[in-house]
Amino acid sequence: MVAASLPISISAAGEATKPRIASGKGLKLSFKPYELKLRHAFNLAKYQRTTTPDVLVQIEYDGIVGYGEASMPPYLGESVESVTKFLANLDLEQFNDPFRLEEILEYVDSTAENNRAAKASVDIALHDLLGKIMGQPWYKIWGLRPEKAPDTSFTIGIDTAEVVRKKVDEAAPYNIIKVKMGLDNDKELIEIIRSKTDRPICVDVNQGWSDKHHALEMIKWLADKNVIFVEQPMPKEMIAETAWLRERSPLPLVADEFLQRLPDVKRAAEAYDAINIKLMKSTGMHEAYQMAVLARALGMKVMVGCMTETSCAVTAAAHLSPLCDWADLDGNLLIANDCFDGIKIVNGKITIPDRPGISVVPL
Ligand code: MG
């Protein structure tokens, strides 16, 4: 062996010139609750709300700070209490090399079974930190072309005719409109929008149609209205019915509530044409990237979405968007108290600022 014949003095010199990676100190995690105030009450097929609980997270290492965030829409089962309890239990000080991403995230994942948003907040802050240490934004580290980022859609919730008309005006800078459906006035909602604009529409039913024949009739009607796809048309448990629907549907069906993490992607392929990846479901950027790659390998289309959250998590998700067919990254625009500067929408397209990490700065 060559190494065995090396003189001892080289080894000593090697020791002396070792790059200074570890400062001897571990990663420092801090966090604080932050209530997001919504611009409009958010009406979905199953409930309504005016605020979203959120927790802001920082990981500091060697004087560099990475930012992350957990957003907790109530239906996901996480709360400020569950997230802060999860984060308080973590011991990140034990890690003194932030580049051991796999090892750190495996540890974080192993400390509790669910808590996906809490896990995402750590993952996002760690990615921000690593990108800043490397001096590069994540789309570059992943080797993606930012010009390939798709148009993002602007969401219009279920509401009165008057509010819907107002929201169509608000959606003017966007090339695609996303409509929440799943109540009795579904067709009326589309007709109101079509009376004002012929821009393409994406439809999100949020599991609102439980009769497959009604779902098929609705989708056929929507196909004539310049609709691009239908997201989560039926309850997530109705897999056989959704597969039946997909065989007959003229529009692609996108899985959202049906799937959370990487192992769910293969199951989704049985009944859906595409998946909607969100960082708060996937436990962050690391697994979200893997999900996008796997879905593509399975011949599925990929969409990246978000919750109502600040520009922190929305911009983190935007780094993945050049790998996606569709993007629904308007969660930051739905809140009145955004505390980060991040992505901008220019002519309907996602534009990531030229900054390292996840490309955000606190306001
Ligand atoms: Mg959805």
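Each residue takes its place number in the sequence, starting with 1. In listed order, ligands and their atoms are each counted from 1.
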query = Which count of protein N, O or S atoms is obtained for distances strictly below 2.8 Å from the Mg ion (ligand 1)?
reply = 3

ask   = Mind checking whether His286 and His127 have parallel, tilted or perpendicular rings, split at 30° and 60°?
value = tilted

ask   = Do the rings of Trp244 and His213 sit parallel, tilted or perpendicular, given the 30° and 60° boundaries?
value = perpendicular

task = Assert yes or no for the condition that the ring centre distance of Tyr107 to Phe95 is strictly below 6.0 Å.
result = yes

key: Main-chain N/O of Arg116 paired to Glu78 side chain as donor or acceptor, under 3.5 Å   = yes

request  = Indicate yes or no for a side-chain donor-acceptor contact from Lys344 to the backbone of Gly342 under 3.5 Å, with no hydrogens or angles considered.
outcome  = yes

key: side-chain hydrogen bond (donor to acceptor under 3.5 Å, both in side chains) between Glu69 and Ser121, worked out   = CA-CA 4 Å; Glu69 169 184 17; Ser121 70; over 6 Å; no

